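Working notes for the structure below.
Given the structure is predicted, the values throughout are model-derived calculations rather than measurements.
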Amino acid sequence: MVNVEDRLSFFPALYRVEANPDTGMWMLYLTIVILSIVVFKLGFAKKLPLFKSALIYLFLILGCTVLTFLAVFLPVTEGLIIAALILIIYKVRLRREQAKGTI
């Protein structure tokens with residue numbers, strides 16, 4: 001018999017999805033939504049009109065529903081954290097280079 005607790009990814013295990021599925025899945029969903037918005041803002045966001053931005057964020061939030069189910073056993077949240085860290089490092093170095101005047 002397979003023990004589900006041993007197969008969980010880090011964040012679902014942290015949020016105790018197996019013991020408290022309702023609260024744990026909502027917390028996982030909110031974590032994925034927040035990280036997805038951060039990654040989107042750091043890497044892809046452009047100045048758009050309000051309606052277009054709202055539409056993009058609506059589809060982003062809807063897409064996070066699928067990612068939440070995948071994140072129970074796959075490292076989706078951890079990948080989003082790494083993507084956010086890489087983009088933060090990139091933005092910091094870009095601003096530093098722009099301040100020096102080399103770019």
Side-chain angles (χ1 to χ4, degrees):
M1 181 157 206
V2 177
N3 190 1
V4 174
E5 293 177 21
D6 295 337
R7 300 190 67 198
L8 291 176
S9 185
F10 175 74
F11 278 92
L14 179 70
Y15 296 146
R16 307 273 305 147
V17 169
E18 77 285 349
N20 197 359
D22 290 337
T23 306
M25 286 299 282
W26 277 111
M27 289 173 57
L28 183 63
Y29 177 71
L30 289 175
T31 303
I32 289 174
V33 166
I34 290 168
L35 287 171
S36 295
I37 288 172
V38 167
V39 168
F40 175 73
K41 289 291 279 183
L42 287 173
F44 307 103
K46 302 285 183 198
K47 277 288 194 191
L48 293 173
L50 182 64
F51 180 72
K52 288 182 181 179
S53 290
L55 194 63
I56 287 173
Y57 284 111
L58 174 72
F59 283 116
L60 182 88
I61 289 169
L62 290 174
C64 288
T65 304
V66 176
L67 288 178
T68 302
F69 290 112
L70 293 174
V72 174
F73 296 113
L74 298 173
V76 173
T77 314
E78 293 85 349
L80 285 169
I81 289 173
I82 290 176
L85 289 174
I86 289 171
L87 288 169
I88 289 169
I89 291 169
Y90 170 73
K91 291 287 184 174
V92 167
R93 292 189 66 176
L94 180 66
R95 290 214 174 113
R96 193 178 296 162
E97 292 294 323
Q98 285 175 344
K100 283 183 184 176
T102 58
I103 291 182

Verify the neighbour count for atom CZ of Phe73: are there more than 12 heavy atoms of other residues, nucleotides or ligands below 6.0 Å?
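Atom CZ in Phe73 is packed in, count exceeds 12.
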Leu50, CG atom: more than 12 neighbouring heavy atoms under 6.0 Å:
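Not buried by this count: 12 neighbours or fewer within 6.0 Å.
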If you take all heavy atoms of Ala71 and Pro12, which pair is closest and at what distance?
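For Ala71 and Pro12, the tightest heavy-atom pair comes out as O-CG, 3.2 Å.
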Between [X] and [Y], is there a shared hydrophobic cluster once you connect ILVMFWY residues whose side-chain heavy atoms come closer than 4.5 Å?
X	Y	value
Leu60	Val39	yes
Val33	Leu55	no
Leu80	Phe44	yes

Mind checking side-chain hydrogen bond (donor to acceptor under 3.5 Å, both in side chains) for Arg16 and listing every partner two or more places apart, or none if nothing turns up?
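Only Glu18 meet the side-chain hydrogen bond (donor to acceptor under 3.5 Å, both in side chains) criterion with Arg16.
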Taking distance alone, no hydrogens or angles, what donor-acceptor pairs closer than 3.5 Å link side-chain atoms of residues 22-32 to residues at least two apart or in another chain?
unit_1 : atom_1 : unit_2 : atom_2 : d
Tyr29  : OH     : Ile61  : O      : 3.1
Thr31  : OG1    : Tyr15  : OH     : 2.7
Thr31  : OG1    : Met27  : O      : 2.8

State the [atom1]-[atom2] distance between [X] and [Y], to the nearest 0.5 angstrom.
X	Y	atom1	atom2	result
Leu67	Leu74	CG	CG	10.0 Å
Ser9	Leu14	OG	CG	10.5 Å
Ile56	Ile37	CD1	CD1	12.0 Å

Got a list of side-chain donor-acceptor pairs under 3.5 Å for residues 86-97, not counting sequence neighbours?
unit_1 : atom_1 : unit_2 : atom_2 : d
Lys91  : NZ     : Leu42  : O      : 3.3
Glu97  : OE1    : Thr102 : OG1    : 2.5

Where the side chain of Thr65 meets the backbone of Leu62, is there a donor-acceptor pair that is under 3.5 Å apart?
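Here the side-chain-to-backbone pair exists.
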State which residues pass side chain to side chain contact (heavy atoms under 4.5 Å, CB included) with Pro21; sequence neighbours excluded, sorted by chain then number.
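Per chain and number, Pro21 pairs via side chain to side chain contact (heavy atoms under 4.5 Å, CB included) with no residue.
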Can you list the residues that meet the side chain to side chain contact (heavy atoms under 4.5 Å, CB included) rule with Leu85, with sequence neighbours excluded?
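So Leu85 forms a side chain to side chain contact (heavy atoms under 4.5 Å, CB included) with Ile81.
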Which residues pass the ring pair (Phe, Tyr, Trp, His ring centres under 6.0 Å) test with Tyr57, sequence neighbours left out?
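In terms of ring pair (Phe, Tyr, Trp, His ring centres under 6.0 Å), with neighbours along the sequence ignored, Tyr57 is linked to Phe40.
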